[in-house]
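Index from 1, following the sequence. Note that the coordinates shown come from a computational prediction; the quantities given were computed from them, not determined experimentally.
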Amino acid sequence: SVDPYDDEVYIHDKCKDWYGVKCNSDNHIIELELSESNLEGTLTSRLSYITDLTILNLSKNKIIGTIPENIELLRNLEYLSFDKNQLHGTVPYLNSLHRLRTLELNTNMFTGYIFHAISGLNGLEVVDLGYNSFNDTLYTSSLDTFTKITTLNLIRNDFNGTIPDSISSMTTLVSLDLSGNTNLIGSVPLTMTSMLSMSSLLLNDTHINGVFDLCELSHSLKFIDIST
């Protein structure tokens with residue numbers, strides 16, 4: 001195994017020859033692009049030693065186990081993807097990752113609450129949590145921090161409650177997918193008519209009902225599904 005404390009880790013000539021690894025001018029690893037690399041096993045806590053890391057993409061592998069608690073030490077991360085693995089358990093506290101723009105955890109076996117772990121990340125633009133077993137309640141404080149978000153994908157989880165009126169604070173939101181969360185109830189809030197950037201709204205296979213005036217969104221909303 002590679003010891004991140006070994007000086008050899010930061011030798012630039014060797015780094016440039018490593019598959020999926022990119023280093024900066026200081027010879028420090030800044031990107032791990034290892035999607036679809038047939039990786040197996042668990043995530044090591046030693047990842048936290050690579051403190052200059054901005055991109056960590058381990059999607060579409062066969063990684064098992066849980067996300068290490070000390071991943072919050074990777075404070076330069078801008079892109080984090082564990083999509084399509086076999087990870088489970090709860091997601092650790094990520095609110096120290098203030099530079100994070102993209103978070104992709106789609107298609108794993110995560111459970112429990114997620115919004116408390118990311119509610120401080122007001123720079124997030126893409127959040128993809130689909131196809132897990134998260135069971136948060138959708139409430140005001142879980143959404144109103146995401147003022148720069150463009151994509152929020154919560155498809156096929158166990159989220160519950162109602163869509164809060166404060167969702168309208170997500171003025172940059174383009175795509176919202178809440179489909180397949182059968183414990184979501186209530187009506188679509190009228191405040192959503194002010195979300196003029198939205199082009200896709202998926203609420204199918206939920207218990208969200210009610211009709212709201214789409215005239216305000218007619219020029220931007222290209223796809224809507226509220227079927228049961």
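With a 4.5 Å cut-off between side-chain heavy atoms of Ile, Leu, Val, Met, Phe, Trp and Tyr, the cluster of Ile55 takes in Tyr79.
Looking at His88, its side chain never comes within 3.5 Å of a backbone N or O of Met109 through a donor-acceptor pair. Between the side chain of Asn95 and the main chain of Tyr93, no donor-acceptor pair closer than 3.5 Å is present.
Applying the salt bridge (Lys or Arg N to Asp or Glu O under 4.0 Å) test to pairs two or more places apart or on separate chains, those with a residue in residues 149-161 are Arg156-Asp205. The ring pair (Phe, Tyr, Trp, His ring centres under 6.0 Å) contacts involving residues 152-197 comprise Phe115-Phe159, where partners must be two or more places apart or lie in separate chains. Judged as a ring pair (Phe, Tyr, Trp, His ring centres under 6.0 Å), not a single pair has a partner in residues 170-195 (not counting sequence neighbours).
Residues forming a side chain to side chain contact (heavy atoms under 4.5 Å, CB included) with Thr44 (at least two apart in sequence, or on another chain): Arg46, Leu47. Judged as a side chain to side chain contact (heavy atoms under 4.5 Å, CB included), and not counting sequence neighbours, the contacts of Ser96 are Glu72, Arg75. For Ser200, the side chain to side chain contact (heavy atoms under 4.5 Å, CB included) criterion is met by Ser175, Leu202, Phe223, not counting sequence neighbours. Scored by the side-chain hydrogen bond (donor to acceptor under 3.5 Å, both in side chains) test, Asn76 finds Arg99 as partners (sequence neighbours excluded). Residues meeting the side-chain hydrogen bond (donor to acceptor under 3.5 Å, both in side chains) test with Thr137, sequence neighbours left out: Asn160. For Asn70, the side-chain hydrogen bond (donor to acceptor under 3.5 Å, both in side chains) criterion is met by Ser48, not counting sequence neighbours. Under the side-chain hydrogen bond (donor to acceptor under 3.5 Å, both in side chains) criterion, Ser35 pairs with Ser59, not counting sequence neighbours. Taking Phe82 as the reference, nothing meets the ring-ring contact (aromatic ring centres under 6.0 Å, His included) condition, with sequence neighbours excluded.
A donor-acceptor contact closer than 3.5 angstrom is absent between the side chains of Asn61 and Asn85.
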